[in-house]
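In what follows, every chain begins at residue 1, and chains take the letters A, B, ... in the order their sequences are listed.
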There are 2 protein chains.
Amino acid sequence: MTSKAAPFDDLDRKIMAALIDNARASFAEIGAAVGLSSTAIKRRVDRLRENNVITGFTATVRPAALGWLTEAYVEVYCDSAAPPRRLAEVVRNHPEIAAAMTVTGGADALLHVRATDVEHFEEVLERIRTEPFIRKTISYMVLSHLLPDSPEAGASRPSTKGGAANRL
Amino acid sequence: MTSKAAPFDDLDRKIMAALIDNARASFAEIGAAVGLSSTAIKRRVDRLRENNVITGFTATVRPAALGWLTEAYVEVYCDSAAPPRRLAEVVRNHPEIAAAMTVTGGADALLHVRATDVEHFEEVLERIRTEPFIRKTISYMVLSHLLPDSPEAGASRPSTKGGAANRL
DNA sequence: AGTGAAAGAGTCTGATC
DNA sequence: GATCAGACTCTTTCACT
């Protein structure tokens with residue numbers, strides 16, 4: 001499982017840094033950067049993928065370029081009986097939810113929501129509010145990014161199954 | 001600038017979906033999926049990159065696998081005179097800040113912070129609190145992810161310059 | 001804008017140290 | 001584990017439509 005000891009070393013770290021920087025870099029390029037042959041790089045990358053250290057490779061796309069101009073964080077307050085499992089189901093019903101997690105503090109969950117515009121966001125919010133367990137939401141609209149190059153400012157959500165087309 | 005009309009069509013959307021799903025897919029594979037030759041795919045991808053619709057390709061790495069076990073969202077309250085530009089500088093001083101944005105509501109900014117453990121997080125928080133403009137912070141620790149495969153649950157921050165090694 | 005061909009890179013497997 | 005060698009695939013450019 002995930003219980004095994006350190007599944008990677010400093011060389012692997014350098015390889016991951018190179019792939020985070022450019023997921024389409026060739027193994028030969030990475031090898032030149034870290035001082036290994038392309039074959040050795042491939043084997044290490046394959047192993048990192050098998051161990052689920054690297055979970056995939058994705059393109060970062062500017063949501064604004066795709067017309068997703070509105071973004072917000074939404075605190076969700078649930079009925080006291082709502083378990084995280086039910087919450088996860090609810091979250092999956094709305095493709096506009098880019099990320100969702102349970103958090104400490106008064107709220108039961110924090111959602112990262114993307115919408116094309118304010119009207120669309122309002123529609124999403126109404127849809128979420130009508131879900132069974134949801135009692136209340138508090139929204140914080142994102143005004144501007146202070147780290148414009150982070151993936152969460154720019155990336156669309158990759159899909160484990162079913163394609164990312166629903167958000168493009 | 002960004003004022004030009006629709007720089008992409010449905011075919012481009014399908015190509016982007018394919019690349020978001022697997023950034024290392026070959027142009028031939030993508031071509032087979034969307035019904036175009038590999039040459040045509042390459043030209044379209046090159047154009048999407050030039051137009052900054054696609055901003056890059058990155059590996060998604062499970063932070064937990066790298067020992068980044070703690071995560072929180074932090075509301076930041078500033079002295080009234082603090083402009084976003086100064087805030088952005090502050091944010092760049094702390095590599096543990098994975099994302100940062102100005103938001104509506106009482107707080108001036110919302111930070112997404114990753115740390116190796118709670119002690120590390122406390123250290124980061126103290127470091128942020130001693131920055132010039134910062135008056136107060138409120139932290140929401142992330143307990144569990146409801147969408148485990150979203151990039152912001154898994155991705156490390158790609159770097160425009162300087163490499164991602166500081167977070168590995 | 002898309003296709004097809006051709007040269008140079010890159011990938012990937014198997015053998016070897 | 002890493003390297004080397006070979007077959008195969010992909011990338012990239014260019015000429016053509």
Side-chain angles (χ1 to χ4, degrees), chain A residues 1-62 65-67 158 163-165 168, chain B residues 1-62 65-67 158 163-165 168:
Chain A
M1 312 296 174
T2 45
S3 53
K4 265 290 175 65
F8 54 89
D9 59 18
D10 285 341
L11 240 25
D12 291 315
R13 263 178 262 267
K14 284 183 191 168
I15 293 167
M16 285 188 271
L19 283 171
I20 287 168
D21 208 50
N22 175 17
R24 285 183 79 88
S26 73
F27 296 143
E29 268 179 272
I30 301 167
V34 309
L36 238 48
S37 71
S38 61
T39 315
I41 301 292
K42 184 198 185 300
R43 267 218 310 275
R44 280 171 177 265
V45 172
D46 286 347
R47 192 167 49 75
L48 288 167
R49 294 211 60 180
E50 262 171 32
N51 295 347
N52 274 295
V53 176
I54 294 173
T55 55
F57 302 101
T58 189
T60 53
V61 171
R62 221 160 29 87
L66 297 170
L168 291 181
Chain B
M1 308 294 189
T2 45
S3 54
K4 265 289 176 60
F8 55 89
D9 60 17
D10 285 342
L11 242 24
D12 290 317
R13 264 177 262 267
K14 283 183 192 168
I15 294 168
M16 285 188 271
L19 283 171
I20 286 168
D21 208 49
N22 176 18
R24 287 184 78 88
S26 72
F27 296 141
E29 269 178 90
I30 299 167
V34 309
L36 240 47
S37 69
S38 60
T39 312
I41 301 292
K42 183 197 186 304
R43 267 219 304 272
R44 281 171 176 264
V45 172
D46 286 348
R47 192 168 48 77
L48 288 168
R49 295 210 58 180
E50 262 171 31
N51 295 347
N52 275 295
V53 176
I54 294 173
T55 56
F57 302 102
T58 189
T60 54
V61 171
R62 220 160 30 88
L66 297 170
L168 293 180

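- Note that the CG atom of B:N51 and the CZ atom of B:F8 stand 9.5 Å from one another [nearest 0.5 Å].
- Residues meeting the side chain to side chain donor-acceptor pair (under 3.5 Å) test with A:S38, sequence neighbours left out: none.
- End-to-end axis angle for the helix from C:dA1-D:dT17 to C:dC17-D:dG1, using five pairs per end and rounding to 10°, comes out at 30°.
- Between B:F27 atom CZ and C:dA1 atom P there is a gap of 18 Å when expressed in whole angstrom units.
- Looking at every heavy atom in both residues, A:F57 comes nearest to A:V45 through CZ-CG1, 4.3 Å.
- Among all heavy-atom pairs drawn from A:K14 and A:V34, the shortest one is CB-CG1, 3.6 Å.
- With sequence neighbours excluded, the residues satisfying salt bridge (charged side-chain N to carboxylate O under 4.0 Å, His left out) with A:K42 are A:D46.
- When the nearest nucleotides of DNA chain D are assigned to A:T39 and A:R24 by heavy-atom distance, the more 5′-ward of the two goes with A:T39.
- If you walk DNA chain D from 5' to 3' and mark each nucleotide with an atom closer than 4.0 Å to a heavy atom of chain B, the marks span D:dC10 to D:dC14.
- Across all strands shown, B:S26 has heavy atoms under 4.0 Å from sugar-phosphate atoms exclusively, and none from any base.
- Rounded to the nearest 0.5 Å, atoms CD1 (B:I15) and CG (B:L36) are 6.0 Å apart.
- In this structure a side-chain-to-backbone donor-acceptor pair under 3.5 Å is missing from A:R24 to B:G56.
- Contacts between residues 40-54 of chain B and DNA chain D, counted as heavy-atom distances below 4.0 Å, involve B:K42.
- For B:A59 against A:I54, the heavy-atom pair with the smallest separation is CB-CG2, 4.5 Å.
- Here the side chain of A:R62 pairs a donor or acceptor atom with the backbone of B:N52 at under 3.5 angstrom.
- Every side chain to side chain donor-acceptor pair (under 3.5 Å) that A:R47 has, sequence neighbours left out, goes to A:D12.
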